[in-house]
Amino acid sequence: MIGVEIKLFNTLTRRKETYVPTVEEKVNMYVCGPTVYDYFHIGNARVFIVFDVIRRYLQYRGYRVKYIQNYTDIDDKMIKRASEEGISVKELAEKFIKAYQEDASWLGVRPADFHPRATEHIGDIIEIVKKLEKKGLAYRIGGDVYFSIKDFPGYGKLSGQDPEEREAGARVEVDLKKKHPMDFALWKAAKPGEPCWESPWGKGRPGWHIECSSMAMRYLDGVVDIHAGGQDLIFPHHENEIAQSEGAYDRSFARYWLHAGYLNINEKKMSKSLGNVLTIRELKENYSPLAIRYFMLSAHYRHPINFSYSQLEQAESAVKRLNILVENIKDRLQRIKGSSEEAHPAPEERGMSLRVEQFRKKFLAAMDDDFNTADALSVLFELARETNIYLDHKERQDPALLQDILSFYQEANEVLGFLEQKEAPLTTDYIEEMIARREKARRERDWATADSIRDKLKEQGVTLEDTLQGTRWRFS
RNA sequence: GGCGACAUAGCCAAGUGGUAAGGCAGAGGACUGCAAAUCCUUUAUCCCCGGUUCGAGUCCGGGUGUCGCCUCCA
């Protein structure tokens, strides 16, 4: 046992529960990935970022996480888009899988352990459908196979949808051939020209929900500890996954269901019809991935958040504050190293070391409690203030303490990902040389020269700041 | 019609019984040759009405408002 107690909100029970592993220290996690028919939008990005962070946190807490995220590379949308573009479904998939990888990586979303594709698991899918048919949970209409929800007693348990109640809402045109309006396709007969596979029901392709059932079970050895996705997948997608999987195998499909809230624009959900869909590609030009991550993590993952450019700009400033702090700590440590201060370090700051320990605990407590990233971030800012005071208002600092603070930020970054990896535009020697020249000018009160050196470096991507311990610099 | 979420300062937002974290923006001040960075000060009848309690943003009841799902959707 690793002695960690993480609470998470389970959509299935509608309660916060303590995470209890099935196998010691392991988490099998499946997150519904993109249908690769287009660039992904910022709503998708929220889901990817949020569960990336949850995954990283579980790892940080000592769990061995197996993380699966699929690509849905065959469905109605894929077929439609491919024909619009005049390319094959396969070409379409390749194009947008590549785009996904680029955009996700830009956002700092780490690759899953496996990214299985629906089209590579047709055999598994057919097996499940056969099983369901054998057990009387599925029926054929022509070359289509449907799942019969009335024959599966638990239907609706995830979403709280009562199949009997649903007539009242009747917004769909009912396919009269189906036994129940909520019955859904497991297998669809191919129309001419569509991609298809041989099956016991003739040529066809999988329905929408079945690929996740089959890939989750295959890659996670039948034990899905955490199954996650966006809120709108609760119904029907995840409800149907449960029905298919539990119907076929008579055992619980997934233990904890996690759902990320919506990302809205102007208080409305993004949708094609409102024309307010914004892709990550469109943001790449003007915003940093760090700001986007920060924005996504600044509210609780289950709450709806409202996107705006001004929010993103606020996030940009906030993230910058933390980055500057970390750079400054590093700079100070660098200065102490090899100097006389190293041999005779500043006195230990006992009180402050204790504070760092408390901040660390607070950070963990926030994250343990259903991944409260907003609260966790606030801890980083509280410590930032104290550290700035320590750095700016004392002449000497205890390197051990600075290192402790730095480590804490690096650990937090390992989970949340808010620190920038900067490419050095200039060599250290050159910068130090310029700083020395500026110092000389300053001593001679030649402000014009001093300022022109500083301006020049600024142009070249280096920011200079004068402190008690001399001039520090950082890549800006 | 059924199910659900949310309502906290100018903006964003955390906080599930003990008189309100944090970020951004604004104002004033400190530091600085200037700047940058930073620090300090400053801004909340926690949507409304009842109730429970010694005590409620936090629990209960009733309103009002906003949004979402029930159809493809992250």
Side-chain angles (χ1 to χ4, degrees), chain A residues 11 14 16 31-35 40-48 50-51 75-77 80 156 159-173 181-182 208 228-237 239 259-264 267-273 277 294-295 298-300 302-306 308 310-322 324-325 327-328 362 366 369 372-382 384-393 442 445-448 450-451 454-455 458 463-468 471-474 476:
Chain A
T11 306
R14 279 155 235 215
K16 257 188 222 176
V31 178
C32 286
T35 300
F40 67 81
H41 56 66
I42 55 178
N44 297 308
R46 181 183 193 188
V47 171
F48 303 146
V50 157
F51 293 113
D75 84 329
D76 294 348
K77 291 196 298 285
K80 182 161 174 277
S159 58
Q161 298 290 317
D162 181 347
E164 301 308 317
E165 288 286 338
R166 103 162 287 285
E167 257 70 27
R171 280 207 270 156
V172 260
E173 289 164 43
M182 286 169 110
W208 172 34
Q231 206 153 55
D232 49 354
L233 293 184
I234 295 173
F235 190 89
H237 185 57
E239 192 69 64
H259 292 97
Y262 286 114
L263 185 151
N264 297 324
E267 310 292 345
K268 297 269 189 213
K269 189 176 159 182
M270 270 189 294
S271 73
K272 290 260 151 82
S273 53
V277 174
Y294 180 91
F295 167 69
S298 65
H300 188 92
R302 282 189 284 111
H303 290 182
I305 52 177
N306 194 39
S308 73
S310 84
Q311 287 305 309
L312 222 45
E313 273 145 31
Q314 288 185 18
E316 209 80 71
S317 306
V319 151
K320 191 177 167 206
R321 184 169 151 83
L322 293 178
I324 287 176
L325 171 71
E327 288 306 306
N328 289 348
K362 237 175 126 178
D369 185 14
N372 192 336
T373 51
D375 212 4
L377 282 167
S378 79
V379 176
L380 304 182
F381 285 98
E382 281 183 71
R385 178 180 301 111
E386 297 204 9
T387 306
N388 278 321
I389 291 170
Y390 182 57
L391 234 33
D392 290 359
H393 297 275
R442 290 182 76 208
R445 308 187 72 79
D446 177 2
W447 307 126
D451 290 353
R454 185 172 62 195
D455 293 345
K458 183 86 189 167
T463 300
L464 258 40
E465 289 169 0
D466 300 324
T467 74
L468 283 175
T471 303
R472 75 186 167 205
W473 59 271
R474 64 166 185 275
S476 43

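Remember, it's a predicted structure, so these values are computed and weren't measured experimentally. Numbers restart at 1 for each chain; the letters A, B, ... are given by sequence-line order, proteins then strands.
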Looking at every strand, decide which applies to Leu391(A) at a 4.0 Å heavy-atom threshold: base, sugar-phosphate, or nothing. nothing
State the pairing partner of U19(B); accept Watson-Crick or G-U wobble contacts with both distances under 3.5 Å, and report none otherwise. none
Check the distance between G23(B)'s C1' and Ile324(A)'s CD1 and give it to me in whole angstrom. 15 Å
Assign Leu325(A) to base, sugar-phosphate, or nothing according to its heavy-atom contacts below 4.0 angstrom with the strands shown. nothing
Within the pair Arg385(A) and G23(B), is there a side-chain N or O less than 4.0 Å away from OP1 or OP2? yes
Test side chain to side chain contact (heavy atoms under 4.5 Å, CB included) applied to Tyr294(A) and Lys320(A), step by step: CA-CA 11 Å; Tyr294(A) 180 91; Lys320(A) 191 177 167 206; over 6 Å; no
What is the distance, rounded to the nearest whole Å, between atom CD of Glu465(A) and atom P of C39(B)? 12 Å
Base-pairing mate for C72(B) - Watson-Crick or G-U, with both contacts under 3.5 Å: none
Donor-acceptor pair present, Arg442(A) side chain and G33(B) base, under 3.5 Å: yes
Partner nucleotide of U66(B) by Watson-Crick or wobble geometry (both distances under 3.5 Å): A5(B)
Between the main-chain N or O of Gly261(A) and the side-chain N or O of Arg46(A), is there a donor-acceptor pair closer than 3.5 Å? yes
Give me the distance, rounded to whole Å, that separates A44(B) from G10(B) when you measure between the P atoms they each carry. 9 Å
Between C6(B) and U16(B), how many Å separate the two P atoms, rounded to a whole number? 12 Å
Should the pair Arg454(A)-Asp451(A) be classified as a salt bridge under the 4.0 Å nitrogen-to-oxygen rule? yes
Watson-Crick or G-U wobble partner of G61(B), both distances under 3.5 Å: C49(B)
For atom C1', what is the distance between U8(B) and G2(B), given to the nearest Å? 31 Å
Can you tell me, in whole Å, how much space there is between the P of A13(B) and that of C24(B)? 16 Å
Donor-acceptor pair under 3.5 Å, Gln314(A) side chain vs G23(B) base: yes
Short question: side chain of Gln161(A), backbone of Gly156(A) - any donor-acceptor pair under 3.5 Å? no
Starting the side chain at C-beta, find the nucleotide from C39(B), C34(B), A13(B) nearest to Ala299(A). A13(B)
How is Phe295(A) classified with respect to the nucleic acid when contacts are heavy atoms under 4.0 Å: base, sugar-phosphate, or nothing? nothing
With a 3.5 Å cut-off and just heavy-atom distances, do the side chain of Asp375(A) and the base of G22(B) make a donor-acceptor pair? no
Specify the residue among Asn328(A) and Asn372(A) whose closest nucleotide of RNA chain B lies further upstream toward the 5′ end. Asn372(A)
Could you work out which one of C12(B), C72(B), G33(B) sits closest to the side chain of Asp466(A)? G33(B)
Pairing partner of A27(B) (Watson-Crick or G-U wobble, both distances under 3.5 Å): U41(B)
Rounded to the Å, how far apart are Leu380(A) CG and G23(B) C1'? 11 Å
Picking from A13(B), U38(B), C67(B), the nucleotide nearest the side-chain atoms of His393(A) would be U38(B)
For atom P, what is the distance between G4(B) and C60(B), given to the nearest Å? 14 Å
Partner of Thr35(A) under side-chain contact (heavy atoms from CB on, under 4.5 Å), chosen from Asn44(A), Asp76(A), Asp75(A): Asp75(A)
Nucleotide nearest His303(A) (side chain, heavy atoms from C-beta), chosen from U38(B), C6(B), A74(B): C6(B)
Euclidean distance for P, G57(B) against C49(B) (whole angstrom): 13 Å
Under-3.5 Å donor-acceptor pair between Asp455(A) side chain and C34(B) base: no
So what's G33(B) paired with, Watson-Crick or G-U wobble, going by both distances under 3.5 Å? none
With the side chain of Gln311(A) defined as its heavy atoms from C-beta on, choose the nearest nucleotide among G33(B), C11(B), A74(B). C11(B)
Quick note, Arg321(A) side chain, CB onward, closest among C39(B), G33(B), C69(B) is C39(B)
N-O pairing of Glu327(A) and Arg472(A) below 4.0 Å: no
Check: Arg454(A) side chain, C34(B) base, donor-acceptor under 3.5 Å: yes
Can you tell which of G23(B), G33(B), A74(B) lies closest to the side chain of Lys269(A)? A74(B)
When all nucleic acid strands are considered with a 4.0 Å heavy-atom cut-off, which category describes Asn388(A): base, sugar-phosphate, or nothing? sugar-phosphate
Rounded interatomic separation in angstrom, taking CD from Glu386(A) and C1' from U38(B): 14 Å
Could you check whether Ala318(A) gets within reach of a base, just the sugar-phosphate, or nothing at all, counting any heavy atom under 4.0 Å? sugar-phosphate
Classify the nucleic acid contact of Phe381(A) as base, sugar-phosphate or nothing, counting any heavy atom under 4.0 Å across all strands shown. sugar-phosphate
Taking only the side-chain heavy atoms of Lys16(A) (C-beta and beyond), determine which of C72(B), G23(B), U16(B) contains the nearest atom. U16(B)
Measuring from the side chain of Ile389(A) (C-beta onward, heavy atoms only), which nucleotide among C72(B), C40(B), A37(B) has the closest atom? C40(B)
Relative to the 5' end of RNA chain B, which residue comes earlier, Asn44(A) or Arg14(A), by the nucleotide with the nearest heavy atom? Arg14(A)
So what does Lys77(A) hit on the nucleic acid, given a heavy-atom distance under 4.0 Å: a base, only sugar-phosphate, or nothing? sugar-phosphate
Using side-chain heavy atoms (C-beta onward) and a distance below 4.5 Å, is Gln231(A) in contact with Thr11(A)? no
Side chain to side chain contact (heavy atoms under 4.5 Å, CB included) assessment of Leu325(A) paired with Asn388(A): CA-CA 7 Å; Leu325(A) 171 71; Asn388(A) 278 321; 3.4 Å; yes
With a 3.5 Å cut-off and heavy atoms only, can you find an N or O donor on one side and an acceptor on the other between the side chain of Arg46(A) and the base of A74(B)? no
Start with the C-alpha distance between Asn306(A) and Gln311(A), add both sets of side-chain angles, then the distance that settles side chain to side chain contact (heavy atoms under 4.5 Å, CB included), and finish with yes or no. CA-CA 9 Å; Asn306(A) 194 39; Gln311(A) 287 305 309; over 6 Å; no
Length of the line joining Tyr390(A):OH and C40(B):P, which is rounded to integer Å: 17 Å
What interatomic distance, in whole Å, is found between P of A56(B) and the corresponding atom of G22(B)? 24 Å
Length of the line joining Glu267(A):CD and G65(B):C1', which is rounded to integer Å: 12 Å
Given G68(B), G22(B), A74(B), the nucleotide with the shortest approach to the side chain of Lys268(A): G68(B)
According to a cutoff of under 5.5 Å between the ring centres and under 30° between the ring planes, does Phe40(A) stack with the base of A74(B)? no
Taking the C1' atom in each of U58(B) and U52(B), what is the distance between them to the nearest angstrom? 14 Å
Are Lys458(A) and Thr463(A) close enough, and set up right, to give a side chain to side chain contact (heavy atoms under 4.5 Å, CB included), and what steps lead you there? CA-CA 5 Å; Lys458(A) 183 86 189 167; Thr463(A) 300; 3.1 Å; yes
